[in-house]
Structures are given as structure tokens and as C-alpha cells.
Number of protein chains: 2
Amino acid sequence: MRLSRLWLPTTKETPADAEIVSHRLMLRAGMIRKLGAGIYSWLPLGLRVLRKVETIVRQEMDRAGAQEISMPMVIPAELWQESGRLTKYGPELLRIEDRHQRDFVLGPTHEEVVTDLIRRDLRSYKQLPVTLYQIQTKFRDEIRPRFGIMRGREFLMKDAYSFHLEADDLEREYRNMRAAYARIFERIGVEFRIVKADSGAIGGDRSEEFHVLAGSGEDVLAVSDASDYAANLEAAEAAIPAVRPSAAEALARVATPAQTTCEAVAGLLGEPLSRTVKLVVVKGREQPLAALVLRGDHEVNVVKAAKHPMVAAPLQLAGEAEIRAAFGCPPGFLGPVGACVPVIADRSAAMLADFICGANEVGFHLRGVNWGRDCTEPVVADLRNVVAGDPSPDGRGRLQLVRGIEVGHIFQNGALYTAALGVRVQDEQGGDRIPVAGCYGIGVSRIVAAAIEQRHDEAGIVWPEAIAPFSVIVCPIGAGQSTAVAEAAQNLYDELAAAGVETLLDDRGLRPGPMFADADLIGVPHRVVVGERGLAAGQFEYKRRGAGAAEMIAATAAAVREKLSA
Amino acid sequence: MRLSRLWLPTTKETPADAEIVSHRLMLRAGMIRKLGAGIYSWLPLGLRVLRKVETIVRQEMDRAGAQEISMPMVIPAELWQESGRLTKYGPELLRIEDRHQRDFVLGPTHEEVVTDLIRRDLRSYKQLPVTLYQIQTKFRDEIRPRFGIMRGREFLMKDAYSFHLEADDLEREYRNMRAAYARIFERIGVEFRIVKADSGAIGGDRSEEFHVLAGSGEDVLAVSDASDYAANLEAAEAAIPAVRPSAAEALARVATPAQTTCEAVAGLLGEPLSRTVKLVVVKGREQPLAALVLRGDHEVNVVKAAKHPMVAAPLQLAGEAEIRAAFGCPPGFLGPVGACVPVIADRSAAMLADFICGANEVGFHLRGVNWGRDCTEPVVADLRNVVAGDPSPDGRGRLQLVRGIEVGHIFQNGALYTAALGVRVQDEQGGDRIPVAGCYGIGVSRIVAAAIEQRHDEAGIVWPEAIAPFSVIVCPIGAGQSTAVAEAAQNLYDELAAAGVETLLDDRGLRPGPMFADADLIGVPHRVVVGERGLAAGQFEYKRRGAGAAEMIAATAAAVREKLSA
């Protein structure tokens, strides 16, 4: 394609409201333009990349035996009522009303629709298993859309759904999809990691996420340095500590007039922070409140804590007034000794002996506290975020924390939706069965941004070959003054295009500086410069995007193609 | 693909609420399923056809130099406010509110969005011309969705937009798009016609529609039998009649006690209906009412009438009370003589002499009426629908009326949107100019239904080769009993698939009757039956869908492929 005919509005200025590099570069490279908060148009250059990702996803889904369908974006609200998610999904679900005042939602995910589709026509076990997928624009009304298309409201998603007679067949397909996803990210050419995950608003028994690794990622991942254990921090299990030491100290009350944090108390007493505990008071599920006890150096994991049967989901902190009413003292001096709300201790806090905690009295803490002796043995649960250096829960190695961008998520939903929507199928014996299901999502548009987060430099984007908008850019220098340059560039362009190489010819007549800056910015993997001096020596200048230096090669299309396949 | 692994829920029953054949066949062939009024899911078989249409459209757009982009479906309402269409577009525009109570619309068309996109980055005439397109799901809140996907609410559309410095460059691109559209419909393999059209809610100077010809089409087209003149009935011009004859009769008042229609009056008087005129009273633009005068054998054209500067748009009939108040008599006896509301006569009615009309008095009509003599000369305009046999307005031949399904519409909008949104560009002399624009739409999903309306028989769909979901279906007879049959069918399937032929193997083990019925229903162009008797003679049975009889061919993949290319 000739650059002069491509709608490619590149800019040098860094857009003011773009917080992360992919957002900045996608705007600067003329890939996207903002229409509203979290709503973007894809310009030709951006769409070329998006379509390449989409094509790889589609090919691998087809190869894995999934069948493409297309479900509506506007969904009758009754169907979401039937599954119970109309109220449960929360305000990210955009509700709309048509001209006849009938209620609809803009589909953020399609479990209900596909399950309804299946129940209409499913008669016999012979129709199972079946895996259906679609690649579709979806809408989630994010409260604070940001990071460009990374956390936009309208986005392109591949969502697949499988239905099975038996759980073990679901497990087989789950592995099949897992493998297809791995092939997709390998082919795209990004470094990724599969991690255990929480099922969130989709629900179900088991789920894993696919993350593109990038320092700017919103998610923290815990990965073992000695095994393949990897989990989203939300879902990462803290290993069970060895045993609780015996009590050695006597209980003592110490004055801590101004010390309302574990750090301050530990400092005052000259003790390690890991010997202190803190109480986090939250709303309870059956009782009004529950007190979570964690070591001073640990943080509550809101997802794990909210799964505890004594804790309300989602996790809600108690207010100061509620705390004062229940404990007779303000936050900052709370502790499990004599606490009158149910106490749940994190595994690590539960294994402490001779620990330090608030005295439930303003200005005082206790030291030498021991579970069972000074207060009742607590309910014990895994409540905390793992930290770097924790033992891996599979017993092999220690955990490291890395950052990732979630680009895929696979779930075993079991009978969650099929039961809610009353799907039935006859098995081989003529019995009536509820099929089980899995669902498998990929954030197609988000992959584009994630790839940029992982692969860029100061000059711009460094595309992986497989999703680059063009493979080669031909840059003629001084084509306006030199017929030889203009002709050689044109011939090279024609020959590469004829050979099926996606080539961009920069025929805008710019000076070398701005021309090379644009080439670097948009990240085309291979650049060929056609100049008068080089031509006189029978040479083109060749540079691979991201490589340090340019080199001279023979001034032929064949020499360029050799570089492409190198 | 193996049919046993394809989600293909075909049915024998005719769905109760499907009024037209394409809707019935798409449901029966398992191509689509209804989710809500005018909202459908596309199952694998349907989507294969849709994607083939989409691919042809994309290829021809690319070939014509258009660049693909992707604009959001959820559009900030301010943008539609800016163009003035937020109020003008009417209730088909679905308005929504996000969680922050900001107003949006679900885009039924994207003139505003693309014009905004252009104004953000357009600086110089050098960036023009540019043609951008997208293939996108759109939503129009039809008051009465029906005919399946033919007049659905959610549908797939290709919309393209071009921007130019000069009107003559817009004309060039309009012709370029017109030619691309013609190639698209030729490649798809449907019989179509290009007709002059009204610009409707899109607006602008000039527009043409592309219609797939089908007896069930909602639109009536007027086409000349001796020239290439063709127009939608809405836009078809009535030729100007020769001259008005001289008055020959004296004005006479006749009693018509029970005759309130032109037919009844003509019958009573023994005169041709074409000598009577009727008054259609409508709301006026400046004045409260206007009276349209048409020959008794002609009908008002609501689109043409509403364009008259004295008539309110859209056309609204006056109520009986208003008519009584203005004329002092009820409808049924109205006429232009002594009428006290402005009179606009259709060209044909204006050319009458000695005509018959109501006397504006209950129970009486007038005959021998003459314009100028008995009442003032009327304002004259083209107000009526053309009828079969009318002379073609280009002076060549006579008009015939045929039915069509609108599948494409191209427009020259001129500066309609660019001016409203304040787009400016510098020309070569440094002057500030408003660019002009065109827009070009294709109903991608509607083409699928239109093709079925044009090509089907009692047994099912007869796909054009280019958009058939599969090219060949292999039907083994008694494969469960005969290893030879099973193997021969499998080998044929493998060989055809390896040669890139899209082949469906019916491995469901059905009896020939239901198997052939499904093959005919889904409309695969080529059917190969593999049976024991045929194999014994070294033969397959081959039948082209829609052809009368089957024939025996050599039992080889080569023989089958020869048939495919025949």
C-alpha cells in the first residue's frame, strides 16, 4: 500500500490523558481515535493488526473443532433474569429499553444466550459435545474506563462455549481449548503465562487465565521459581505454615498511646512486624460482623476472604461507628482477646505464638498473646495475599510476583447455566440429564494493546511479525529529485507486493528524519531505505525494527526477501 | 466437515410466525434462531453463508481502494445532536443511558462518527480523497420487525464513506463505488437492478439503490422496457403529459347522493375513472392545510408529495374534522372549485379538461370542470406513483413495475454532514474549504435472505455457488451396513477436502429420504450419493441442486470435481 493513500494520522505529541505506553503509542501511530470515554474507533493501521489477531484466533478455534456462530449484542433482559445475573452482574451491565418499553441488556458475555440456543434444539446425547464460538463486539459499562482499549467499554472478544454430557468430557474440551489458547499466543508472538484464577462474575468450578507478561500489567501473578505453579494473586493459595511454636511468654499489657498501626507498635517494642497481628473488621454473611486476623506484614486478599462462609460477598469493610459499637474502642487498638465478633484467622496468623495485638482499649496493646491460652482458638482460613518469597503451595520452590495483562480466561462452569435455564438432554439409556458446560474467552482487541506493552522502545512499537500491520516499509530518499530512486523504490514495492509481501511504500516525499520516525513509530518489522548513493553502489539499506544498526544489502527484492525470512 | 459434528438443527415443520419463504427456510435449515423480536443468532450454517457474502464485499471494497476501519456501535448522543439527527431520525434510533447518566445512541448508521473522525485529523487537501468503510453489526429499532433477518433490528451492514475536496471527485468515487457494488452482486450471483432512489433519513443530493429482484420484495421498482431507466416507485418521476385539451363542456352540477369515491362517481356518470379527480387534504408546511389533486386512477406518492415546499414532511393526512371545518363538507365530495385551501395538482390532473370532481357540498359533484375557467390554475407538481404502462420519463419506452429487495444504497451527501460538523480543509491555494462526502451502504445479512427469496424451490434453498455454505454434500447410503460404502464416502470426502473443495459428509446414518431432504433444504449446490449398487458398477450418483434428474458418474473424486467446474 502507498502511504500517501493510507489514512495514517501519526502525531509527535504525546496525548495528555494517555497513562500507559500502549495507549500513547496507539494514538500517536494513528491506530485508534477516541470517540467517548472507553469508546474508540480503529483506523486502518490499527484494524490491520486487530484483524491479524482475529484471524489467528479464528483459525485456531476452527482447528480445535469449535464452530463459529454469531449471537446478538442486544439481549432480552428476561434471559438474564432467568439465570439470576440481571441483578448479580452489577452496574457494568448496560440496561436499555426499546421503543416498546421492553428491557434489554447490551451483552457483556453470552452464557445465557448460548445456553438458550442449545436448549432450543438439543434433543439427544448424539448432538454432544458441541463447542460454539463467536468473535464479537461487546460492551461493559466500566465505571472508570482507562488505558485506551486496554480497559475500554466497547471491545472485541472471542467467546466460546462447550456443552457435554459428562464432566470428564468437559475436562477433555477444557484441555483442548487450553492448548488452542497456548497455540494462539505462541503464534501471535507474545510472552505469556497460564495462571489459576478466580471465576468472578462468570462463576463455575475451575478457571485459568492467560496473561501477557508486562511490567505495566494491572494483575499481579504469583509464579513458582521451581515448578509450573502460577496463579493470579486473587487466587494464589498461601502455603500452610509448618506448626505453631509453644507459648513462651506471659501475656502483658503495654501502653501504646500513639501507636495505631502494626508498624508503629512493632517499632516501639523492637519486635519484627511479622510478630504483630491486625484485625480487619468486615460485614458478616449471617452475623453482622466478622473479624479477620492477619499478620502485620500481610494484606487481606479480598477475593479469598469473600469466599469464606462467614464473610459477606463482595467484601465490605465495617464502618468506624460499627467497630466502636462492637469493640468499645476505635480501630488501631483491636485484637482477638475478648473480641465479641466471630474471629477468622489467616493461616499464618493462626500459627503465631507469643504475638502482639491490640488490647481492645484505647492506648494499649497486648504482647505474649497465645491462641487457646489467652483467647479462643480461631476459625482458620487462607485470607491473605501471598508475598514474594512465600513457599509455592505445590511444595516446590518459592513464589515470585510478576505483572500480567489478562488476555484470556477459560472456565468450567459445570451445570451453573444449564441447570438455571432448564436444559435437558436424553442420554444413551433414555434418561434425562443436565449437560455441563465450559466457557472460554479471549480479549481480541486487548491483545493488540498488551503486545505493545510488552514490545516497544522509545521510538515506538516493535510488532511481532505475525501481527504487524505491514511486513516491510520501503523508504525512498529524495525520490522527488532522483528518478532512479523513485523507480527503484517503485520496482521493489511492486516486486514485494507481487510476491505476497505486505509492503508499505512511503511515497509522501518526507525528509528522512520524519519518514524514519514514522516507520519506527508504527513498528513495521523490516525497513528498506532506497537512496541515490546506495543505488550507485547497487545497494539498499536494510534495518530490522528493534535491531541496533542498519546494514547494506544488494539492491534486489530477492535480497530483501532473504532478510524477511532470516 | 462431518455433518454429525455440525450444529445443524434442521426441522420439517414450517415455523408458524414466518411470513416469507427466506425466513421459513433459514429457520428450517438451521441457519438462524430467534432470540427476540427482530433479533437473531446465526448458527454455523447461516454464518458460513454470511461470511462468504462479507468476504466478497470486503474484497471488492479493498479492490476499489476503500480502507477498512471499525467505528463504535455505542455513540455519544452529542454527536447526533451536532448533526441535527438526534431529533430528526425518529424512534428507530435506540437511545441509551450509561451508568453515569450520559446519553448515547446505538448507531444505526455512522455519518456523524466518520465525519468526526475525519475532522480530527484532516489538515490538507493532500489527505483527500479518502474512502473508509466498516462491516459492522448495526441496530435499528424497527417498530414492527418481521420477515426474519430481512427486516430485523440487529443486522450486519457494510457502510463506506468518502471525502473529497471537489464535487466532481465525489462523482468519480460515487461511480467507482457503484461499479464495485455491481461487481459484488455479480460475484454473489443474484439478479439485481440499480434504481434511482430517494435519499430518506440519510439526506443528500443524489442516490441510487441496488435491489435483488424477487416477487416477495417490499419495494416496487419502475423500470423502462426500452431503456436503462429504473427507479424506486418512491422516486420514479411521472412523465409530463403532452398538453391540456381545450375546454369543450359547460360546468354542470350533478347529484351523487351515495357516491363518495371516484370509482362510484365515474360509474354513475358512465365516464372513465381517468376523467375524475380526487382531493387529498394534507397538512401544509406554512399554511395549516394543502389540497393535493390527483386523477381518480392515480395514487399519491408520499415521498414526492412531502418534498413539495407547501406540504409538511413527512406527509400527514388531515383529519375529518379539519376537512369539514375548511371545506364545509365531509370527504367524498371535495373538489378544487371554490376550495379555500391552497391547491396543488399532479401533472396528470393538471392536464385534464372537462373533468369531474366533488362540488364541496354533500351529495353533489361537478362535471365539465376546467382549470382556469372554473377554478384558479393550480400549482402543478409531480405527486403521484407511476403506474405500469406510463411512458418512461427519459422518453424511451414504457414503465413496468417489478418487485425488489433493497440490498444496497449509495448517496452523494455533498456537504450535508461536513458543514454541520464544521469540517474544514486547506486547499492547494491555502484557502479554507468544506469537503464534500458520499456514503455507500450494503445490507450484508439481508443479502443472504434476498438470495433465498430469489433462489429456492419447494424442497429448500438453491444457493448460488459463490455463497453456498458448502460446495458438495456426500451422502453415503447404508454406510452402517456396508464397509465399501463407508470407505468410498470417506475417501471421496478426504480427497475433495484435500483439494480445497468445501465438502460436507453426511455421516449421521440417516435413511436416504431424510438425508436427501436435508441436502435439498440447506441447498448445497452439488450432491454425490455413494451407494452399494453404484459402487459395484464403479459409479457415484451426481445431482446438481435445482436440476431435474440425477446422473451416474465415475466413482472418483476427479469425476466429481469435473462436475463442480462444469
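Quick note: numbers below take in every heavy atom, side chains included, and nothing from hydrogens, waters or symmetry partners. Reminder, nothing fancy here: chain letters follow the sequence lines and each chain counts from 1.
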Leading residue by heavy atom contact count with chain A [cutoff under 4.5 Å; candidates B/M1, B/R123, B/R95, B/K34]: B/K34

Minimum heavy-atom distance A/V74-B/L35, with the two atoms named: O-CD2, 4.3 Å

Residue selection (most heavy-atom pairs with chain B, distance under 4.5 Å) from A/L6, A/L128, A/V114: A/L6

Salt bridge A/D98-B/R153, side-chain N to carboxylate O under 4.0 Å: yes

Heavy-atom closest pair, residues A/H100 and B/I143: NE2-O, 3.1 Å

CD1 on B/I118 to CH2 on A/W7, rounded to 0.5 Å: 4.0 Å

N-O pairing of B/E68 and A/R51 below 4.0 Å: yes

Side chain / backbone / both / neither for A/L122 at chain B, heavy atoms under 4.5 Å: both

Contact origin within A/R102 toward chain B - heavy atom pairs under 4.5 Å: side chain

For the student: nearest non-hydrogen atoms of A/E154 and B/M73, plus distance: OE2-N, 2.7 Å

Chain B contact via A/D116 - side chain, backbone, both or neither, heavy atoms under 4.5 Å: side chain

Separation of B/T131 OG1 from A/R5 CZ (nearest 0.5 Å): 9.5 Å

Straight-line distance of B/R99 CZ to A/R140 CZ, nearest 0.5 Å: 12.5 Å

pair A/I96-B/E97: side-chain heavy atoms closer than 4.5 Å: no

Any residue of residues 37-50 of chain B which, by heavy atoms, sits under 4.5 Å from chain A: B/A37, B/I39, B/Y40, B/S41, B/W42, B/L43, B/P44, B/L47

Interchain contact, A/Q134 with chain B, by part (heavy-atom threshold 4.5 Å): neither

Gap separating the CZ atom of A/F104 from the CG atom of B/D141, nearest 0.5 angstrom: 7.5 Å

Heavy-atom pairs under 4.5 Å with chain B, option from A/P129, A/S70, A/G65 with the top count: A/S70

Gap between atom CG of B/D121 and atom CG of A/L8 - 0.5 Å precision: 9.5 Å

Contact leader toward chain A among B/S4, B/P76, B/G36, where contacts are heavy-atom pairs under 4.5 Å: B/P76

Option in B/R508, B/R120, B/Q136 with maximal non-hydrogen atom pairs under 4.5 Å from chain A: B/R120

Interatomic spacing from OG1 in A/T137 to CE in B/M71 - rounded to 0.5 Å: 12.5 Å

